[in-house]
Every structure is written in C-alpha cells, then in structure tokens.
Trainee: 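I have a structure here, written as structure tokens, and I will follow up with some questions on it.
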Amino acid sequence: MVRARIERVDVRRPDLRRAFPERFAERLAGRRVEALTRRAKYLLASLSSGETLLVHLGMSGWFRVERDGPAARTGTDQASGEPPQAAREPHDHVVFHMSSGKAVVFNDPRRFGMMDLAPTADLNAHPALSGLGPEPLSADFDAAALARACRGKKTSLKAALLDQRVVAGLGNIYASEALHVAGLSPGRRASTLATPTGAPREAAVRLAAAIKRVLESAVARQSGPLYRDSRFLVYDREDERCLKRKCSGTIRRRTQGGRSTFYCPVCQR
DNA sequence: ATTGAGACCTGTCGGC
DNA sequence: TGCCGACAGGTCTCAA
C-alpha cells in the first residue's frame, strides 16, 4: 500500500465493532498512502489527504493481498457495464483497490475490528489513542515508567498489564506470559511494584524486562495471536508441568476480570 | 477516580 | 451424527 494510491474502496459490511465514519469510502478514494505505522494494537495509514486511517484487527481480523484487475479498481467493467465481481471469501468486509494493481482485503469473522479516519495532525487526540501508555519496546517504557503507572493501584498485576494506559499493546496471552517470565503472581497487587514514592522495586525491573523479552521473542517468531498455540510458556497449558528450569509446579488457570489467566503457583510469587 | 462486570460477535470445541 | 452451550479475544459502556 505504501506510496500507492487508493483508487476505490468497497465496504461490504460497514458494521464492525463500531460504525464506520461518515463517507468512509469517499474520503479514501484517490488518496495516496504515505506511510504505514503502528501504535499499540492500531495500524495507521497516513494519507495524502492529511487524514490517517486507523485499523484495529480486533480478535479475528486480518488482511490479505490479491492481484486486482483494472476494471475492479475503477468500479466498472468496460465490456458489460456491470460492477465486476471478484472472488470474495466469507467475512470479507472491506476491499482496498490500489493503483499498484493489488487488492487489499480486510476479513474479520467476529467483527471485533474497527476502522476510523482522523486528522493526522491531531492523531493522538483520537479517543482510541489519547490515553495509551508507552510502547513496551521503546526506551520510554522501563521499570521506572511501569512502577509510576502502577503506584497506588489496588488492582492485580494481570489487570494492570491489560490496562492500555499502563503499557500499550499487551493482550491477554502475553500478559500471562510476561508475568511467568518475571516470576510474579498475576494476583499480586499492582501497587507492590513501586515504593510509596513511586520508585521501582525489584519486581518492576523484572516485569519490565520480561515484557520486552516476551514481545521481542514473539515478533522474532512472527507469532501472531495464535492462541491455543503450543509455543506459549503458560497460556492454555492448564494442568501441564511448569516449563521453568528446576520448577516442579503445575500450571493453573484462574479467571481475572472475565479473562483466563494461566500461571505457575510455585515459581510465580 | 478507580475498578469490575457486561456486552459485542461468531467459529470452535466438548459434552450429551 | 447432530445439537447446544460455553468459551475465546480487545475495548467500550455502565455501574458500584
């Protein structure tokens, strides 16, 4: 998509988790994609119009790229005069017809995804982005930042890691994984990461490092959110042996905030 | 203000 | 074999 022009957008289902913005397809048509970036779990495509397209994949959303015919891009078939019907899969909700001759197709069975448009100049004012905490792999995120964000929090460590204001981009699976790597119990109070003045305790140092390690490893494997994937250390491993060296524990599962948490009660304290 | 529970959605899976 | 309820994920909304 980068440096290509969006020639036309087909919105086949405008009702993802939230309604699409006004005149969505019209505001995209004819615009060049200047760059693709990311903030937390949002994909960002900055456009030549001065607007940025925000996309969240939700749970089950994904893109695929297909070759596209010229007729499909302009929306009329010269021969028949009928709109061309490309092969579509179930749950293909949005199709971007690009000047490069590619069709970029957004498919999302559960429709937890979302798309929106916002002025690039005020992008951080968008409600989805305005409250986000630091990027976990950036220098802005360290033990001090984590401790500061958790200071005085009565909620659990697991809930704190899922709070995007504390650190942006961790989901349920990697929250469990990071707590395991750090050797911290998911039920422990978030406030215990900080001294009363907000300075980081040793647990904050371990957890910040564990978050970075877990995410870097996931990116290196190009591991998408393939839950039920056997490569996780604790996630979806209830009743299995703890994989930590010399730990004799058994992985347990409990519910926190309506979400499953997996952990080892022996090596996570 | 902070925290937690419920809602949204649908494919998959376990149990009957 | 077929049906059905429970469950999974991320984020927003509402209530305590």
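All values reported here derive from a predicted model rather than from experimental measurement. Chain identifiers are assigned alphabetically (A, B, ...) following the order of the sequence lines, protein sequences preceding nucleic acid strands; residue numbering begins at 1 within each chain.
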Trainee: Whole-Å distance between B:dC9 P and A:Asn107 CG?
Mentor: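 For the pair A:Asn107 CG and B:dC9 P, the rounded distance is 17 Å.
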Trainee: What integer distance in Å separates A:Arg111:CZ from C:dG10:P?
Mentor: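 In whole Å, C:dG10 P lies 19 Å from A:Arg111 CZ.
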Trainee: Between B:dG11 atom P and A:Phe112 atom CZ, what is the distance in whole Å?
Mentor: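 Those two atoms, CZ and P, are 13 Å apart.
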Trainee: Enumerate the residue pairs fulfilling salt bridge (charged side-chain N to carboxylate O under 4.0 Å, His left out) with a member in residues 161-190 of chain A, sequence neighbours excluded, ordered by first and then second residue.
Mentor: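 Sorted pair list: A:Lys153-A:Asp163, A:Asp163-A:Arg165.
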Trainee: Rounding to an integer number of Å, can you tell me how far A:Gln256 CD sits from B:dG4 P?
Mentor: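 Atom CD in A:Gln256 sits about 9 Å away from atom P in B:dG4.
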Trainee: Could you tell me the separation between the CZ atom of A:Arg165 and the C1' atom of B:dT3, rounded to a whole number of Å?
Mentor: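 Rounded to whole Å, this separation is 9 Å.
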Trainee: Could you list all the ring-ring contact (aromatic ring centres under 6.0 Å, His included) pairs where at least one residue sits in residues 104-149 of chain A, not counting sequence neighbours?
Mentor: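 Passing the test, one end in residues 104-149 of chain A: A:Phe63-A:Phe106.
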Trainee: Within the structure, does a side-chain N or O atom of A:Tyr235 lie under 4.0 Å from either OP1 or OP2 of C:dG9?
Mentor: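 Yes, A:Tyr235 has a side-chain N/O under 4.0 Å of OP1/OP2 on C:dG9.
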Trainee: Once you round it to whole Å, what is the distance between P of B:dC13 and CD of A:Glu238?
Mentor: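 It is 17 Å, rounded to the nearest whole Å.
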Trainee: Considering only residues two or more places apart or on different chains, which pairs with a residue in residues 183-207 of chain A satisfy ring-ring contact (aromatic ring centres under 6.0 Å, His included)?
Mentor: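 Listed by first then second residue: nothing to list.
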Trainee: Looking for any heavy atom pair under 4.0 Å, which part of the strands does A:Gly171 touch: base, sugar-phosphate only, or nothing?
Mentor: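 Sugar-phosphate contact only.
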Trainee: Can you confirm whether A:Leu53 sits close enough to A:Ile6 that some side-chain heavy atom of one is under 4.5 Å from a side-chain heavy atom of the other?
Mentor: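 The answer is no, as the side chains (C-beta and beyond) never meet within the 4.5 Å cut-off.
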Trainee: Could you check whether any side-chain heavy atom of A:Asp15 comes within less than 4.5 Å of a side-chain heavy atom of A:Arg13, counting everything from C-beta outward?
Mentor: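 Contact flag for A:Asp15/A:Arg13 side chains = yes.
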Trainee: Starting at atom NE2 of A:His93, determine the distance to atom C1' of B:dT10, rounded to an integer number of angstrom.
Mentor: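 Going from NE2 in A:His93 over to C1' in B:dT10 covers 10 Å.
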Trainee: Which angle, to the nearest 10 degrees, lies between the helix axes at the two ends of the helix from B:dT2-C:dA16 to B:dC16-C:dG2, each defined by five pairs?
Mentor: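 Computed angle between terminal axes is 50°.
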Trainee: Please report the distance, rounded to the nearest Å, between CG in A:Asp236 and C1' in C:dC7.
Mentor: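 Nearest whole value for this atom pair: 11 Å.
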Trainee: Using a heavy-atom cut-off of 4.0 Å across all strands, would you classify A:Ser60 as base, sugar-phosphate, or nothing?
Mentor: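 Touches nothing.
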Trainee: Quick one: is A:Thr155 getting a side-chain N or O under 4.0 Å of the B:dG4 phosphate, OP1 or OP2?
Mentor: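 So the side chain of A:Thr155 is within the cut-off, an N or O lying under 4.0 Å from OP1 or OP2 of B:dG4.
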Trainee: Closer than 4.0 Å, any side-chain N/O of A:His91 to the OP1 or OP2 of B:dG11?
Mentor: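 Yes, within the criterion.
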Trainee: Could you check A:Asp108 against A:His93 for side chain to side chain donor-acceptor pair (under 3.5 Å), going step by step and ending with a plain yes or no?
Mentor: CA-CA 7 Å; A:Asp108 184 7; A:His93 302 316; 5.6 Å; no
Trainee: Between B:dG4, B:dT10, C:dG9, spot the one nearest the side chain of A:Ala159, thanks.
Mentor: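 Comparing B:dG4, B:dT10, C:dG9 against the side chain of A:Ala159, the answer is B:dG4.
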Trainee: Once ring-ring contact (aromatic ring centres under 6.0 Å, His included) is applied, what residue pairs with a partner in residues 183-220 of chain A remain, sequence neighbours excluded?
Mentor: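 Those involving residues 183-220 of chain A do not exist here.
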Trainee: Quick check: do A:Val33 and A:Met98 have side-chain heavy atoms less than 4.5 Å from each other?
Mentor: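 Sidechains of A:Met98 and A:Val33: in contact.
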Trainee: Quick one, give me the B/S/- string for nucleotides 11-16 of chain C, reading 5' to 3', where B means a protein heavy atom under 4.0 Å from the base and S means that only happens at the primed atoms, P, OP1 or OP2.
Mentor: BSS---
Trainee: Answer yes when A:Glu240 and A:Arg237 have at least one side-chain N-carboxylate O distance shorter than 4.0 Å, and no when they do not.
Mentor: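 Salt bridge present between A:Glu240 and A:Arg237.
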